[in-house]
Amino acid sequence: MNGINIESPHLYCLKNALKNIRVNLSYILGFSFLLMAGFVFLILNGKASSFIALNSFHPFWLNVFFINYTFMGDGIFALGLIALMAFYFKKKKEAIALLYAFLFSGLMVQLIKNLVNAPRPRLFFEPGQYLYFVDQVSLANNSSFPSGHTATAFAIATVFIIMIKNKKWQLPILAAAVLVGYSRIYLAQHFLMDVLIGAIIGIASGLLAVSVSMNIKSIRISFRKMQRVENSTSANGTRNVMPA
């Protein structure tokens, strides 16, 4: 190809994502352990029983805590955090990475929600089968799978983990994201499967967002090189098929 060394932008992003996984291994390993434990618990107990088992303790103070804490996974909180990073702390690269993570996770979640159309716990359970619905926050619709709040929380957490570059913060930030996920189950908004898949989407979105935002110039150069080679190949092909 005329001596031009080209690396696919998709491969470039994948390599950077794998590098970020290796650097932040405590976060990834902690997440992987919790993910496997969650799936094992779900397989052993089933959808309904695992939900009820995770909601056996419902004191008033915990209701108040999770009603407020679940906002950490809300889109308004994410956009406010992005604005704060961009305009107050002047961390433009970090703000762009957070924005990409929020958009990637949100688009994926909404796509799956519309395809699956799964009922939330309030519609799923028969009256009297589950007694701890919180009236202020419990929705009754068919957009349970996956959890958007969980995806947003893990997307933001992943970006912060990579950007901070401080291993001491990896497990505390993971715990903060896990609490957002659990809040969705506690408040009867989602089932365990919804939260687990939401977390996977969030992690993947965060890794992709950082790879894209931190290497946007290199990705653009790769695209331009590929375009030049394609144009050159097309031109050569056109000349070759011209009649003698």
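The structure presented is a predicted model; accordingly, all values stated were derived computationally and were not measured.
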Answer yes if Leu84 and Leu103 sit in the same cluster of Ile, Leu, Val, Met, Phe, Trp and Tyr residues linked by side chain heavy atoms under 4.5 Å apart, and no otherwise.
-> yes

Determine the sole option in Tyr182, Phe60, Phe57 for which the ring pair (Phe, Tyr, Trp, His ring centres under 6.0 Å) test with Phe66 is passed.
-> Tyr182

Hphob cluster co-occupancy, Leu29 + Leu207, side-chain heavy atoms under 4.5 angstrom = no

Around Lys91, counting heavy atoms of other residues, nucleotides and ligands shown, do more than 12 lie under 6.0 Å from its NZ?
-> no

Joint cluster assignment, Leu99 & Leu107, ILVMFWY side-chain distance < 4.5 Å | no

Backbone N or O of Ile52 within a donor-acceptor pair of the Tyr132 side chain at under 3.5 Å?
-> no

Do you reckon Phe33 sits in the same ILVMFWY cluster as Val195, going by side-chain contacts under 4.5 Å, direct or chained?
-> yes

Heavy-atom side-chain proximity of Ile173 to Ile164 below 4.5 angstrom = yes

Nearest heavy-atom contact between Phe31 and Phe154 is CD1-CE2, 3.7 Å

Between atom CG of Leu171 and atom CD1 of Ile161, what is the distance when rounded to the nearest 0.5 Å?
-> 8.0 Å

Do other residues, nucleotides or ligands put more than 12 heavy atoms under 6.0 Å from Leu44 CG?
-> yes

Could you go step by step and tell me if Tyr27 and Thr158 meet the side chain to side chain donor-acceptor pair (under 3.5 Å) rule?
-> CA-CA 8 Å; Tyr27 176 68; Thr158 302; 2.9 Å; yes

Side chains of Asp74 and Thr152: does their closest heavy-atom pair fall under 4.5 Å?
-> no

Give a yes or no on this: more than 12 heavy atoms of other residues, nucleotides or ligands lie within 6.0 Å of atom CZ of Phe87.
-> no

Residues Phe102 and Ala78: closest non-hydrogen pair is CD1-CB, 3.8 Å

Calculate, to the nearest 0.5 Å, the distance between atoms CG and OG belonging to Leu208 and Ser213 respectively.
-> 9.0 Å

Reported CG-to-CG distance for the pair Leu174 and Leu179, which is rounded to 0.5 angstrom | 10.0 Å

Can you name the nearest heavy-atom pair linking Ala155 to Ser205, along with the distance?
-> CB-CB, 4.4 Å

Phe51 and Phe124 aromatic centres sub-6.0 Å | no

Give, for atom CD1 of Ile156 and atom OG of Ser105, the distance between the pair rounded to the nearest 0.5 Å.
-> 8.0 Å

Passes side chain to side chain contact (heavy atoms under 4.5 Å, CB included), Tyr186 versus Asn63? Steps please.
-> CA-CA 8 Å; Tyr186 183 93; Asn63 289 357; 2.5 Å; yes

Search all heavy atoms of Ala177 against all heavy atoms of Ala153 and return the closest pair with its distance.
-> CB-O, 4.2 Å

Could you tell me how the ring of Phe133 sits relative to the ring of Tyr130: parallel (under 30°), tilted (30 to 60°) or perpendicular (over 60°)?
-> perpendicular

Side chains of Ser183 and Thr70, donor plus acceptor under 3.5 Å | yes

If only atom types and distance count, is the side chain of Arg120 paired as donor or acceptor with the main-chain N or O of Gln189 below 3.5 Å?
-> yes

Considering residues, nucleotides and ligands other than Met85, do more than 12 of their heavy atoms fall under 6.0 Å from its CE?
-> yes

Same apolar cluster (I L V M F W Y, side chains within < 4.5 Å links), Trp61/Val137 | yes

Reported CZ-to-CG distance for the pair Phe145 and Leu196, which is rounded to 0.5 angstrom = 9.5 Å

Specify the closest pair of heavy atoms between Val159 and Ala101, including all atoms of both residues, with the distance to one decimal.
-> CG2-CB, 3.7 Å

Output for pair (Leu42 CG, Ser49 OG), nearest 0.5 Å, gives 10.5 Å

Quick check: does any side chain N or O of Lys167 sit under 3.5 Å from a backbone N or O of Asn24, one acting as donor and the other as acceptor?
-> no

Taking every non-hydrogen atom, the tightest pair across Pro146 and Val109 | CD-O, 3.9 Å

Go through the steps to decide whether Asp194 and Arg184 satisfy the test side chain to side chain contact (heavy atoms under 4.5 Å, CB included), and finish with yes or no.
-> CA-CA 9 Å; Asp194 308 338; Arg184 307 311 291 161; over 6 Å; no

